[in-house]
Amino acid sequence: LADGGSAWGGVAAEGALEKEDLVRLTDEVEMRVASEGDGPWMARCALAEVEAMVERVHEVARMARAREWAQVLEHATWLAHDYPEHAVLRVLRLDALSALGRLEEAERLVDSFLQLEPEEPTLMATYARVCFALRGCAGALEVLHEQPCDQVGYGASADLKALVHRVSK
């Protein structure tokens, strides 16, 4: 929560709950729901979850800025289990795999993302970058040829396509 406590009154941050604490917290939650209705309480819990997720993602981004790629991959993968469609976590995982030289894994991962969102411009550009790293200009051009580089949102693919054409000549 904004005040630093948890949605459960801060006890969870102190360690394992004792039976008495659990009973007390359950009673508090039941009284809160009874007095406020479950709408405001659920909204506060949802907000607390979002704030916690944002902080976790920021921490992984700090690891990436420090080039701690193994930790980035571990933490971003762990968070992706709870937030599988989070765009920043996708990019962090792909960047970590690429930085660690695990390009085949990066290709499989971005391909799995593209199965869910086949027209997503950032994923398409990332896929082309990975193909370039694995198979050179020919691999990147094969992928870029299929992308609508002239459409709004595909600037990264258009830039990569122009660069690959210059390099391949």
In the structure I gave you, are the side-chain heavy atoms of Arg93 and Phe113 within less than 4.5 Å of one another anywhere?
yes
Which hydrophobic side chains are connected to Val130, either touching it within the sub-4.5 Å cutoff or through other members that do?
Leu103, Leu134
Cluster check Val91, Tyr154: I/L/V/M/F/W/Y, side chain < 4.5 angstrom:
no
For Phe132, the rest of its hydrophobic cluster, which grows through side-chain links under 4.5 angstrom
Leu141, Leu144, Leu160, Val164
With a cut-off of 6.0 Å (strictly less than), are more than 12 heavy atoms of other residues, nucleotides or ligands near CD of Glu85?
no
Do the side chains of Val54 and Leu47 join up, straight or via other hydrophobic residues, at under 4.5 Å, putting them in one cluster?
no
Does atom CD of Gln151 have more than 12 heavy-atom neighbours from other groups under 6.0 Å away?
yes
I want to check something: taking the side chain as every heavy atom from C-beta on, are His86 and Met53 in contact at a cut-off of under 4.5 Å?
yes
Could you tell me which residues satisfy salt bridge (charged side-chain N to carboxylate O under 4.0 Å, His left out) with Glu55, sequence neighbours excluded, listed by chain and number?
Arg62
Drop me the distance from Arg129's CZ to Leu94's CG, to the nearest 0.5 angstrom.
8.0 Å
What distance do Glu49 atom CD and Glu51 atom CD have between them, rounded to the nearest 0.5 Å?
10.5 Å
Acceptor/donor pairs from residues 64-80 side chains to any protein atom, 3.5 angstrom cut, sequence neighbours excluded:
unit_1	atom_1	unit_2	atom_2	d
Thr77	OG1	Leu73	O	2.7

Using links of under 4.5 Å between side-chain heavy atoms of ILVMFWY residues, direct or through other members, which residues join Leu163 in one cluster?
Val167
Enter the distance from Arg166:CZ to Cys137:SG here, rounded to the nearest 0.5 Å.
11.5 Å
Without placing hydrogens or testing angles, list every side-chain donor-acceptor pair under 3.5 Å for residues 116-126, not counting sequence neighbours.
unit_1	atom_1	unit_2	atom_2	d
Glu117	OE2	Arg90	NH1	2.7
Glu117	OE2	Arg90	NH2	3.4
Glu120	OE1	Thr122	N	3.0
Glu120	OE1	Leu123	N	2.8
Thr126	OG1	Thr122	O	2.8

